[in-house]
Amino acid sequence: MRFVGQTEVAGFLAGSPAYDNTVKAWVAEMRSGQWQSATALAAEFQNIDVSALPWVVFYLLPSALRIRTLIDFRIGVVMLLAIDLSAAWHGTQTQPWNKIP
């Protein structure tokens, strides 16, 4: 997929260099992914919220990061909106998108 958001990544890592490997690994996953739908994306990532498409939120545990994106599966673009610290605990809570049937 095409990734838009290198400026946001650089800005975040300038203030939080300890997350360098985690964020760069996530960006690499986004760039190499070829997901055709939110269902396919959710099958590969445990802690994500795809309930308000095209908005998709990734909760990276245990690094305590929340990454907010817009994803257009039709044209294959991931746009990074924000990376937040200390917000990932929401991903460990039972939510409509991560309930086990």
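Values reported hereafter were calculated over all heavy atoms of this structure, with side chains retained and with hydrogens, waters and symmetry mates removed. Numbering of residues begins at 1 and proceeds along the displayed sequence.
Here the two rings, on F73 and W35, have centers that are 6.0 Å apart or farther.
Hydrophobic clustering (ILVMFWY, side-chain heavy atoms < 4.5 Å, transitive): L81 and L53 are in distinct clusters. Taken together through direct or relayed side-chain contacts under 4.5 Å among Ile, Leu, Val, Met, Phe, Trp and Tyr, L41 and L70 form parts of separate hydrophobic clusters. Hydrophobic clustering (ILVMFWY, side-chain heavy atoms < 4.5 Å, transitive): M79 and L13 are in distinct clusters.
Within the model, atoms NZ of K24 and CD of E29 stand 16.0 Å from one another, a figure rounded to the nearest 0.5 Å. For the atom pair CZ (R31) and CZ (F3), the distance works out to 6.5 Å, reported to the nearest 0.5 Å. Note that CZ of R74 is 12.5 Å distant from CD of Q36, once rounded to the nearest 0.5 Å. Atom-to-atom distance recorded for I67:CD1 and W26:CH2 is 4.5 Å, nearest 0.5 angstrom.
Using a 4.5 Å cut-off on side-chain heavy atoms (C-beta onward), Q6 and V27 make contact. Counting heavy atoms from C-beta outward, V78 and V4 have side chains that stay 4.5 Å or more apart.
Closest heavy-atom contact between D49 and S51: OD1-OG, 2.5 Å. For the residue pair I48 and A42, the shortest heavy atom distance occurs at CD1-CA, 3.5 Å. Taking every heavy atom of both residues into account, M1 and Q34 meet most closely at N-NE2, 3.5 Å. Taking each heavy atom of V57 and R68 in turn, the nearest pair found is CG2-CG, 4.0 Å. Heavy atoms only, all atoms of each residue included: T69 and I71 are closest at OG1-CG1, 3.7 Å.
The residue from L80, D20, D84, L65 that alone fulfils the side chain to side chain contact (heavy atoms under 4.5 Å, CB included) condition with F12 is L65.
With S16 contributing its side chain and Y19 its backbone, the two residues share no donor-acceptor pair below 3.5 Å.
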